[in-house]
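The sequence lines fix the lettering, A, B, ..., with proteins before strands; numbering per chain opens at 1. Below, each value reflects all heavy atoms present in this structure, side chains not excepted, and no hydrogens, waters or symmetry copies. Values in this document were obtained by computation on a predicted structure and should not be read as measured data.
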Amino acid sequence: DAGITQSPRHKVTETGTPVTLRCHQTENHRYMYWYRQDPGHGLRLIHYSYGVKDTDKGEVSDGYSVSRSKTEDFLLTLESATSSQTSVYFCATHRGSHEETNYGYTFGSGTRLTVV
Amino acid sequence: GQNIDQPTEMTATEGAIVQINCTYQTSGFNGLFWYQQHAGEAPTFLSYNVLDGLEEKGRFSSFLSRSKGYSYLLLKELQMKDSASYLCAAPTGGFKTIFGAGTRLFVKA
């Protein structure tokens with residue numbers, strides 16, 4: 001059973017529509033992250049969560065919101081999609097233990113979003 | 001500011017050795033990671049260095065110099081399946097991490 005599942009895997013949407021991406025984990029990890037990956041920029045942090053209902057902004061948070069009502073689920077919402085939000089979105093998790101810092105992140109398979 | 005630099009692309013021959021460099025600037029130091037990412041897939045953890053020196057793990061080794069803000073990933077006995085992007089990443093505190101743009105490695109026969 002996969003530790004992190006992202007849905008949908010692919011989505012095409014129209015400019016101005018709201019879009020929600022879902023990340024579901026079975027690792028019981030405390031920390032969850034949403035990154036976007038674009039050519040030439042690498043992975044950039046959008047938002048992250050350090051517990052249920054505890055979230056904070058990353059470096060590219062404008063136009064995005066998140067929610068975490070359960071440990072397992074972290075939702076990313078594009079409130080009104082724009083073409084600049086066409087990207088590959090990755091969810092990642094970390095246990096949040098200093099003793100396990102050296103294990104790094106576990107990533108989901110990604111969601112390829114196209115805004116037309 | 002915080003920044004990670006690594007070459008955009010490299011090409012090497014099957015069976016050879018290749019070194020991928022990374023320089024970083026972070027406020028504070030919490031270690032350095034290398035991830036591998038095949039095209040269309042998620043990044044996967046390769047190595048973590050927190051002390052200066054070389055960490056060897058099979059065909060892959062990673063080196064760190066904290067005083068120079070420098071790391072490299074060394075891949076030996078290259079195989080075609082090693083064609084991928086290699087991401088250098090640095091934790092910035094609070095379990096957040098910044099990533100370099102990645103080095104795309106092409107292994108040719």
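Identified by a heavy-atom distance below 4.5 Å to chain B, contributing residues of residues 69-83 of chain A are lacking entirely. Residues of residues 100-109 of chain B that come closer than 4.5 Å to chain A, counting heavy atoms only, are B/G100, B/A101, ordered by residue number.
A ring-centre distance under 6.0 Å is not found for B/F33 and A/Y105.
Interface remark: A/Q6 contributes no atoms to any contact with chain B (heavy atom separation under 4.5 Å). With a 4.5 Å cut-off on non-hydrogen atoms, B/T97 touches chain A through its backbone and its side chain both. The contact between A/L43 and chain B is made by backbone and side chain atoms together, counting heavy-atom distances below 4.5 Å.
In this structure, B/Q37 and A/F90 approach most closely via the heavy-atom pair NE2-CZ, 3.5 Å.
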Audit row: A/Y35, B/F99, ring-ring contact (aromatic ring centres under 6.0 Å, His included) steps and yes/no: CA-CA 10 Å; A/Y35 281 88; B/F99 288 82; 5.3 Å; yes
B/E41 and A/F107: side-chain contact (heavy atoms from CB on, under 4.5 Å), yes or no, with the steps? CA-CA 10 Å; B/E41 298 182 8; A/F107 284 88; over 6 Å; no
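With hydrophobic clusters built from ILVMFWY side chains whose heavy atoms lie under 4.5 angstrom apart, A/V88 does not share a cluster with A/V66.
Remark: A/E59 CD to B/Q2 CD distance equals 9.5 Å, nearest 0.5 Å.
Contact count versus chain A (heavy atoms, under 4.5 Å) is highest, among B/A42, B/G40, B/S85, B/P43, for B/P43.
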